[in-house]
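Below, chain A is the first sequence line, B the second, and so on; all start at residue 1.
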Amino acid sequence: MQIATWNVNSLKVRLPQVLEWLAAHPEITVLALQETKMEDAVFPKAEIEAAGFHVAFAGQKTYNGVALIARAPIEQVQLNLPNFDDPQKRLIAGTVAGVRVVGAYMPNGQSLDSEKYPYKLSWLDALLAWLEPEIAAHPKLALVGDYNIAPEDRDVHDPKAWEGQVLVSPPERERFQKLLALGLKDSFRLFEQAEKTFSWWDYRAAGFRRNAGLRIDHVLLTAPLVDVCTACVVDREPRKAERPSDHAPVVATLAL
DNA sequence: ATGGCTTCTCGTAGAAGA
């Protein structure tokens with residue numbers, strides 16, 4: 001099976017690309033989406049189900065919004081962090097083919113002096129607190145999504161220009177390390193990877209053409225899934241499309 | 001050059017993204 005994550009930056013705009021990409025990748029068992037940017041009432045549930053998928057979602061108007069699309073039933077669906085009172089729709093968990101998949105759109109933070117920055121750190125702290133017992137209850141767990149954190153300098157096209165900025169600041173990176181300390185591993189780093197592999201490129205200033213990007217979308221796995229993980233890749237193809245999302249999907253392959 | 005581009009909205013300019 002494959003587990004994938006993709007920040008689509010509006011599912012309204014990107015639904016055709018999502019369905020086309022899934023059709024081209026039949027090994028993908030479950031795809032987590034972020035930034036669907038739509039209320040549940042207008043979510044294209046019928047279209048996705050008509051294409052043969054199961055779907056679960058939690059959305060709001062304009063911002064945020066997460067979903068799981070799967071080729072197998074999605075069980076024990078949970079929306080939002082139960083320990084963090086928040087109107088922003090940023091987390092969805094479901095069990096697919098025996099794997100607990102947690103899809104997250106982690107806060108951006110905007111800048112270190114924004115009120116959104118402490119919100120980001122608090123959200124990450126709540127995620128950490130919630131995850132520990134969640135992992136104990138579900139040993140086969142994948143935490144996937146747009147983390148809005150580039151874990152190391154090699155995940156940044158120009159570390160000097162980004163030094164100390166939001167997405168790379170030490171408090172954010174510390175929280176990423178705390179996720180690893182829960183027993184999760186960054187599946188991308190289990191394998192040899194090309195240098196300067198990123199998952200997001202700014203729309204502006206020809207970011208994609210210059211490969212001026214960041215690796216901020218991740219698939220983290222617990223040990224039982226690390227043991228069967230055979231690959232993790234960023235698929236740059238959708239980023240080359242007409243009207244692409246600014247993020248590329250990340251796909252982990254599990255021998256399950 | 002602190003912008004660039006893309007998306008959204010009780011919209012047609014401003015906020016937000018990262």
Quick one: label [X] by what it contacts on the DNA or RNA (base, sugar-phosphate, nothing), any heavy atom closer than 4.0 Å.
| X | answer |
| --- | --- |
| A:Asn7 | sugar-phosphate |
| A:Val166 | nothing |
| A:Arg210 | nothing |
| A:Gln165 | nothing |

When the [atom1] atoms of [N] and [M] are considered, how many whole Å apart are they?
| N | M | atom1 | result |
| --- | --- | --- | --- |
| B:dG14 | B:dA18 | P | 22 Å |
| B:dG11 | B:dA1 | P | 38 Å |
| B:dG3 | B:dA15 | P | 13 Å |
| B:dT2 | B:dA13 | P | 24 Å |
| B:dT6 | B:dC10 | P | 23 Å |

Interatomic distance where [atom1] belongs to [X] and [atom2] belongs to [N] [whole Å]:
| X | N | atom1 | atom2 | result |
| --- | --- | --- | --- | --- |
| A:Glu115 | B:dA16 | CD | P | 9 Å |
| A:Glu39 | B:dC8 | CD | C1' | 13 Å |
| A:Leu11 | B:dT7 | CG | P | 13 Å |
| A:Lys61 | B:dC10 | NZ | P | 5 Å |
| A:Tyr63 | B:dT7 | OH | C1' | 9 Å |
| A:Lys120 | B:dA16 | NZ | C1' | 14 Å |
| A:Gln17 | B:dT6 | CD | P | 13 Å |
| A:Arg90 | B:dG17 | CZ | C1' | 11 Å |

Counting side-chain heavy atoms from C-beta on, which of [options] comes nearest to [X]?
| X | options | answer |
| --- | --- | --- |
| A:Asp246 | B:dT6, B:dA18, B:dT9 | B:dA18 |
| A:Asn148 | B:dC8, B:dA18, B:dT7 | B:dA18 |
| A:Tyr105 | B:dT7, B:dA18, B:dG4 | B:dA18 |
| A:Ala205 | B:dA18, B:dG4, B:dC5 | B:dG4 |

Classify the ring geometry of A:His247 against A:Trp200: parallel below 30°, tilted from 30° to 60°, perpendicular beyond 60°.
tilted

Between A:Trp162 and A:Arg243, which residue's closest nucleotide on DNA chain B lies nearer the 5′ terminus?
A:Arg243

Please determine if a side-chain N or O atom of [X] lies less than 4.0 Å away from the OP1 or OP2 oxygen of [N].
| X | N | answer |
| --- | --- | --- |
| A:Asn9 | B:dT6 | no |
| A:His247 | B:dG17 | no |
| A:Arg204 | B:dT2 | no |
| A:Ser10 | B:dC8 | yes |
| A:Lys37 | B:dA16 | no |
| A:Gln110 | B:dA18 | no |
| A:Lys116 | B:dG17 | yes |
| A:Asn64 | B:dA16 | no |

Is the base of B:dA18 touched by the side chain of A:Asn108 through a donor-acceptor pair closer than 3.5 angstrom?
yes

Inspect the contact between A:Lys140 and A:Asp227 and indicate whether a charged nitrogen and a carboxylate oxygen are less than 4.0 angstrom apart.
no

Salt-bridged, A:Glu163 to A:Lys160, with N to O below 4.0 Å?
no

Would you say the side-chain atoms of A:Tyr147 and A:Asp186 include a donor-acceptor pair closer than 3.5 Å?
no

Would A:Val8 end up clustered with A:Tyr63 when hydrophobic side chains under 4.5 Å apart are linked, directly or stepwise?
no

A:Ser199 and side-chain hydrogen bond (donor to acceptor under 3.5 Å, both in side chains): which partner among A:Asp217, A:Asp155, A:Asn7?
A:Asp217

Of A:Leu127, A:Asp146, A:Ile216, the residue whose pairing with A:Met106 passes side chain to side chain contact (heavy atoms under 4.5 Å, CB included):
A:Leu127

